[in-house]
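Notes follow the structure.
The structure displayed is predicted, hence computed values, not measured ones. Chain letters run A, B, ... following the sequence lines, proteins first and then strands; every chain starts at 1.
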Amino acid sequence: MINLVGEPTHHLPVGERGGPAQPLISVKGLLKHFPVKGSGFLKPKKVVHAVDGVDFDILKGETLGVVGESGCGKSTTARLLMQLIAPDRGEILFDGETVGETLPLSEYRRQVQMVFQDSYASLNPRLTIEESIAFAPRVHGVPAPKAIARAHDLLHRVGLEPVRFAGRYPHELSGGQRQRVNIARALALEPRLVILDEAVSALDKSVEAQVLNLLLDLKRDFGLTYLFISHDLNVVRFMCERVMVMYLGKVAEIGERDAIFEETRHPYSSALLASMPKMDPGERTLEPPLSGDPPNPIDPPAGCRFHTRCSFAEDVCRQTLPPLTRISGAQSAACLMATPNSGHSRAPAQLEA
Amino acid sequence: MSAVTAEIGASVVVPVAKSPGFWRNVLRRLSRDPVAMIALAIIVILVLVAIFAPYIAPYDPSKGSVIRRLKPMGTPGYPLGTDELGRDMLSRLIHGARLSLIMGVIPVPIAFIIGSTIGIIAGYSGGIVNTLIMRTIDVFYAFPSVLLAVALSGALGSGLTNALVSLTVVFIPQIARVAESVTTQVRKLDYVDAARASGASAATIIRVHILGNVLGPIFVFATSLISVSMILASGLSFLGLGVRPPDAEWGLMLNTLRTAIYSNPFVAALPGVMIFITSICFNLFSDGLRTAMDVKS
Amino acid sequence: MTDPMIDIRNLSVTFNRGRKPVKAVNGVSLSVNSGEVVALLGESGSGKSVTMRSLLRLHPKGTTIEGSMRVAGKDVTELSARELADYRGATVSMVFQEPRLALDPVYTLGQQIEEAIIRHKGVSRREAASRALGLFEKVRIPSPERRLMNYPHEMSGGMLQRSMIAMAIACNPKVLLADEPTTALDATVQIQILLLIRELQKEYGLSVIFVTHDIGVAAEVADRIAVMYAGRIVEEGKVADVIQNPKHPYTKGLLGARVELAHGRDRLITIPGAPPDLAALPPGCAFAPRCGEAVAQCLTDVPRLTATDGTASVACVKYA
């Protein structure tokens, strides 16, 4: 977390100025509310609390998983990180530099790229595969022959033979092949961080496994950092070193994979884990871990967002918004049961040393 | 330098098997559509007839004779009969194709350029810019196109140029609306977001990612306007706001021949038949184009 | 031994749109006993949904259906339009992946359920309304009176799927067809719907065909699993047998590629390649080009689904 002392670092390339201990991305108080269409005319304006004050770090070289149900704000967080939409509040620090202030947006954009869920909608149907991949380098002034050569290299890297695929159009490819192209396109600017927004969710299981292996290889070969958004906890467990659980625009729990999957401290995380289908027909789920649907982010409940579905909820949960409390070096949770002296009957009595 | 640069860039461009381009595929599919091809053939014949009118027409279209007025169809030497001033109908229809096609076809590409520009800008900008542009367009859109064309022509005065101007103005809002809605749809797609994320400017994104995907649908819509334009133009001439006698133009001919509708109905209907055939050909062709441009098929 | 509730024999479905005919289902035989849940497991294009939709004859015009299908003693291929309308909903009903598309947006949920009850059961509107309320309570929709007056867009995804299930069981069908009913839902909602389907199935003794791409979901609901690949059933058996002791190389590959098994390893075991083009199937076993155990015979002969013991069967030369 400490910047290099005294040393002027501006001669170093972006992303390598902060040293290895500096988080690659540090998000502080990120907030985005969307006005609801059709409301607000002679009526009080309604807003969707899509991302409601979120802090987290993405460490250099790690894969941070983001899990949560629809409306939890994980996709909005990705779009905010990509600067595709402007946050209402909060800041993003890239390697210690504030994006949009000390680090110009154009520099930042080269460092962060994204792969979307819908492999078809994320490719221009009128461009050939090589044109799509070469587009971003061309925008940044790489001459056409060099950009095309780079596109061919990347196609080769993602397992598509350039001779066969470079001149094709997106509709001539299968879903898995298109997603490989999207990954190649994201890598064309040689970014440090790749945001994978449900990037394998639409793929068939056997193809999904191939793409996950590819992502692991690319990460190792190019020294990438991933933000891996998924609703599939099994995939997250396989891919990620650290996991962030989101619920209704807030971070419920964040920490190292084993801590989250084995010793979760947030009742929502444990319900989410218990909801995964068991692979053993002899040990089927007998009671649903949670009842009801996730509440609407237009009108989130007061106090702890989760108290309406939580079986441990007490009066204090309806009034107090639980802070994200550090439980150990590996884990933080936003639950009053994990917050010392919070007033919840199950709260730890005193500060842990 | 990082490992990334070492990995990427050190290679030669290999020749690739390039798929046929989008437009080549469209042409291939279009050429397999018999209806569209017949429509196109008729349009081409009409255009050729219009260009070579002086060489094809058997008589001078403006030379009449009091003794052969309103001859029926099949009169020897006058296969399609004569009009109320004794002029040869066949010659007049052939010459009429010139002005009718000009009136039908010229306003559309001009409106296409202006309307698409307005619509694409509005669609891509979104927000307040979109609202300002589109609400202004809506004011024009509120009038029925016939009424608007007549009102504009009336205000500008009769004559070919003024009729063309007013028709163009009528079509701009319609094309702009289509352009705006198509652009708004395309702008929401992930590949536009991906392009924005790569740091491309709005102009580059519109040029590379928007234009190619919206011009097709707008073009199809514009093609379908050619028939509307022909009918409106005929209407203007019919009302005395477009071409003036003695020039031959199908709409105007329909007007001057209306007195003969009871005495010689078949001859009087001929200009209308020509307008009908031409406009339906343009419509069928644009339908075929729409089908051919559907990638999914 | 009683007759099975659903008996599909040698079903083939060919779509004749486009330039080449596409054989989506290629000689599928499947029987489901009364009160049994069978999961049809497969990837996109495996023909699992097409097989199921054939039972309701929901295919577009120009589709060729060969083979025989009997449901509750009736020959489905022989039903007249009128009989078909009675059969759909009353004998066999279906739950879709996207309830939002399957429900009519301009009527309230109450109206839609009542309409179905009146049409099939011929009861008064009053009686239908009280039955609808009972159904909403049955599928555990909170404050059911109020919810019956809601339009589909006013409900969340999980509540809509519950309403869809209520509508499906409204006319006491014998067979429930579920087409990926939980795929579009969140994990915590998915498990609730799976438990609900399981509970209703037991209570009403329904025969269920449950189409899914998710082995975990199949393990939660099914008694038997039939694995489909490229329009054919490649393996069938009791759920525990298929999951714990898969025989067909494709099933093995699918189970092996699961990420939950890779814990501690840094790579997943994958099936190479991609599913074949249904318009140009290979002459032999459709899985042979991707199969690590393929022999020469696999490339020429289509393996038949052969019983390995009393309850299981597999279509692979290794077991023939």
Do any of residues 104-142 of chain B come closer than 4.5 Å to chain A, heavy atom to heavy atom, and if so which ones, in number order?
none

Heavy-atom distances under 4.5 Å only: say whether A/H140 touches chain B with side chain, backbone, both or neither.
side chain

Residues in side chain to side chain donor-acceptor pair (under 3.5 Å) with B/T204, at least two apart?
B/S201

Output, in order, the C-alpha distance, side-chain angles, deciding distance and verdict of side-chain contact (heavy atoms from CB on, under 4.5 Å) for A/L127 and B/V208.
CA-CA 9 Å; A/L127 296 188; B/V208 178; 3.9 Å; yes

Side-chain ion pair, A/R79 and B/D190, N-O less than 4.0 Å
yes

Under a 3.5 Å distance rule, please check whether A/R109 uses its side chain to pair with a backbone N or O of B/S198 as donor and acceptor.
no

Residue A/H156 excluded, over 12 heavy atoms near NE2 under 6.0 Å:
no

Testing the basics here: between B/Y191 and A/L123, what is the closest heavy-atom pair and its distance to 0.1 Å?
CD2-O, 3.3 Å

With a 3.5 Å distance limit and no angle check, can you tell me whether A/Q113 reaches the backbone of B/A197 through a side-chain donor-acceptor pair?
yes

Tightest non-hydrogen contact, residues A/A121 and B/L189, listed as O-CB, 4.0 Å

Which heavy atom of A/L84 sits nearest a heavy atom of B/R196, and at what distance?
O-NH2, 2.8 Å

Does atom CZ of B/F143 have more than 12 heavy-atom neighbours, drawn from other residues, nucleotides or ligands, at distances under 6.0 Å?
no

Interatomic distance, B/I210 atom CD1 to A/R126 atom CZ [nearest 0.5 angstrom]:
12.0 Å

Taking every non-hydrogen pair under 4.5 Å, which of A/V139, A/N124, A/L189 racks up the most with chain B?
A/N124

Region of A/R138 in contact with chain B, defined by heavy-atom distances below 4.5 Å:
neither

